[in-house]
Amino acid sequence: MWSTTYPEGVTEILFAQFGVQAPSLDEANKAIEEMLPLFGADAQPTVLDRGQYTDAYGYANATLMAYWFAPEEYERWARQEAVGTFWETRPVSGPLGYYREAVTIPRDHIETLYTPHDPEEYDTPGIARHVRVGPTKVHDYWGSARDRITASRTDELEGALYAYTPTTEETLGKRVSVTVPGNVCLIRTAQDWRRSTVFKDDYFANVDPVKDVGVDYLATHPDTGCLQTRKIREQALGGEIIDRACTVGWFLSLEHLMTWSRGHRSHLEIYGAFFQMMQGKDGQPMDMSLWHEVSVIPEGGGSSEYVNCHNRTGFLTVLDHTPAHVAG
């Protein structure tokens, strides 16, 4: 397995997700097209990925996932008049909702893992698109993700919130800014089958349905510490569907993610289905590109804003547990 190394001078990465909620994917994608020109302006992100998903509550979403390898460049981008005007003028009524979540991740608070494919050959999205990827020995045991986060050697990375009850406050028709709790955990885990001829059919027949059950379980069971999962089918920036997908998930802490991963039936069944698939291929090398990024966001390292979004969107779900500003 491989992991990322970072260019000299890269000490933090800013990850931001921007989204539109709508009654249909067509409407969501049409609205996200209006947002895209903002990313061609000055201080544009190092990486920009696009996708669409329907969340666990039936809302269609179009989303942009952006990475800035210099957080100050994100701040410069966000201060531009066109960007500010766009967000200030989003209506709090009507069929569309908008959200943006931005987190600054210290380099020692992030870990990555990739199947050993050339990132350039596979056009791997996310962090790997602009950093080196090489072999790592820290994998294939429970707890290896924590060990790849170097800050965990001196920091327990305990979340500011241990548990939560989802808010019942109505957030549709409102503009809400929510403080991101300290040491929340972000995961983006992905599958790329564009070059697969051996594993693709088996994966979608026997692994992907089990994976979806686990992801849906997290999305609807607050006792796991998961705030939201987003099962994203990725697109080219022009909107064309591509053979790539990812899941983005927010957890109260790294330990909540690790507890589900190592002990909950829904994840162990994913693990079992995957290795059963591998054993059935007689040692043939995996020809799908699989990878993940797991990050822990320090106190004060994140911000989120939601305009006319339902109350299970991102950090809105912990509205009763963290400082927030609500405007009609």
Side-chain angles (χ1 to χ4, degrees), residues 14-39 44-45 47-68 74 77-78 83-84 86-103 125-126 167 171-178 180 184 186-190 215 218-219 226-239 241-242 244-251 293 295 297 302-319 324:
L14 189 139
F15 173 79
Q17 191 166 5
F18 306 85
V20 177
Q21 285 181 357
S24 70
L25 289 174
D26 283 346
E27 291 168 282
N29 276 297
K30 183 177 180 180
I32 208 82
E33 295 283 349
E34 298 176 8
M35 197 185 301
L36 272 170
L38 300 176
F39 296 89
Q44 59 190 268
V47 178
L48 183 63
D49 298 323
R50 178 177 176 175
Q52 62 181 30
Y53 66 97
T54 300
D55 65 32
Y57 298 92
Y59 287 77
N61 292 257
T63 186
L64 297 170
M65 296 163 283
Y67 298 74
W68 278 265
Y74 167 78
W77 174 84
V83 176
F86 180 87
W87 285 101
E88 290 165 5
T89 57
R90 295 308 89 194
V92 295
S93 62
L96 301 180
Y98 295 82
Y99 70 82
R100 54 177 171 174
E101 300 159 349
V103 292
T167 187
T171 54
L172 291 170
K174 299 177 181 178
R175 181 183 295 268
V176 187
S177 299
V178 184
V180 175
V184 293
L186 165 69
I187 182 170
R188 182 182 180 191
T189 179
V215 171
L218 287 169
C226 182
L227 305 181
Q228 187 179 23
T229 57
R230 299 165 180 164
K231 295 185 297 185
I232 299 168
R233 181 64 185 269
E234 297 197 28
Q235 300 163 271
L237 289 180
I241 298 292
I242 58 177
R244 208 167 69 193
C246 70
T247 297
V248 172
W250 289 106
F251 290 78
E293 303 164 352
S295 308
I297 317 305
S303 63
S304 62
E305 182 182 15
Y306 306 89
V307 182
N308 197 34
C309 292
H310 71 80
N311 63 8
R312 293 296 182 273
T313 307
F315 294 101
L316 285 176
T317 194
V318 292
L319 190 58

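The shown structure was predicted, so the numbers you read here are calculated from the model rather than taken from an experiment. Reckoned from all heavy atoms, side chains included, excluding hydrogens, waters and symmetry mates.
- Every residue was checked against the side-chain hydrogen bond (donor to acceptor under 3.5 Å, both in side chains) condition with Thr247, not counting sequence neighbours, and none meets it.
- At a threshold of 4.5 Å between non-hydrogen side-chain atoms, the residues Tyr53 and Thr229 do not count as touching.
- Taking the side chain as every heavy atom from C-beta outward, Leu96 and Asn308 never approach each other to under 4.5 Å.
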### Message
For Cys309 and Leu316: C-alpha separation, side-chain torsions, deciding distance, then whether side chain to side chain contact (heavy atoms under 4.5 Å, CB included) applies.
### Response
CA-CA 9 Å; Cys309 292; Leu316 285 176; 4.0 Å; yes

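- The shortest side-chain heavy-atom distance between Trp68 and Pro45 falls under the 4.5 Å cut-off.
- Of the N and O atoms on the side chains of Gln21 and Tyr57, not one donor lies less than 3.5 Å from an acceptor on the other residue.
- The nearest pair of heavy atoms linking Val180 to Gly302 is CG2-C, 3.5 Å.
- At a threshold of 4.5 Å between non-hydrogen side-chain atoms, the residues Ile32 and Gln235 do not count as touching.
- Here CD1 of Ile232 is found 11.0 Å from CG of Asp55. Values are rounded to the nearest 0.5 Å.
- The closest side-chain donor-acceptor pair between Gln17 and Thr63 falls under 3.5 angstrom.
- For the pair Met35 and Gly19, the tightest heavy-atom approach, listed with the atom from each and the gap, is CE-O, 4.4 Å.
- The list of salt bridge (charged side-chain N to carboxylate O under 4.0 Å, His left out) pairs with a residue in residues 88-103, not counting sequence neighbours, reads Arg100-Glu305, Glu101-Arg230.
- When all heavy atoms are compared, the tightest approach of Ala22 to Ala28 is CB-N, 3.6 Å.
- To the nearest 0.5 Å, atom OG1 of residue Thr171 and atom OH of residue Tyr99 are 14.0 Å apart.
- Contact between Ala236 and Ile242 at its shortest, heavy atoms only, is N-CG2, 3.9 Å.
- Formation of a donor-acceptor pair under 3.5 Å by the Arg312 side chain with backbone atoms of Thr167 is found in this model.
- Side chains of Phe39 and Leu237 form no contact here, defined as non-hydrogen atoms less than 4.5 Å apart.
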### Task
Given side chain to side chain contact (heavy atoms under 4.5 Å, CB included), test Val103 with Trp250 step by step and report yes or no.
CA-CA 12 Å; Val103 292; Trp250 289 106; 3.7 Å; yes

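- A 4.5 Å side-chain heavy-atom check between Gln228 and Thr317 finds every atom pair outside the cut-off.
- A search for side-chain hydrogen bond (donor to acceptor under 3.5 Å, both in side chains) contacts involving Ser177 returns nothing, not counting sequence neighbours.
- Considering all non-hydrogen atoms of both residues, Ala56 and Ala219 come closest at CB-CB, 3.8 Å.
- One finds the CZ atom of Phe18 at 9.0 Å from the CG atom of Leu38 (value rounded to the nearest 0.5 Å).
- Of all the heavy atoms in Glu34 and Pro37, the pair that sits closest is O-CD, 3.5 Å.
- Under the 3.5 Å distance criterion, the side-chain polar atoms of Ser304 are matched with a main-chain donor or acceptor of Val178.
- Scanning for side-chain hydrogen bond (donor to acceptor under 3.5 Å, both in side chains) contacts around Gln44 gives an empty result, with sequence neighbours left out.
- Not one N or O on the side chain of Asn61 forms a donor-acceptor pair closer than 3.5 Å with the backbone of Gln52.
- Listed by chain and residue number, Arg50 satisfy the salt bridge (Lys or Arg N to Asp or Glu O under 4.0 Å) test with Glu33 (two or more places apart in sequence, or in another chain).
- Applying the side-chain hydrogen bond (donor to acceptor under 3.5 Å, both in side chains) criterion to Tyr74, with sequence neighbours excluded, gives no partner residue.
- More than 12 non-hydrogen atoms from other residues, nucleotides or ligands lie less than 6.0 angstrom from NZ of Lys174.
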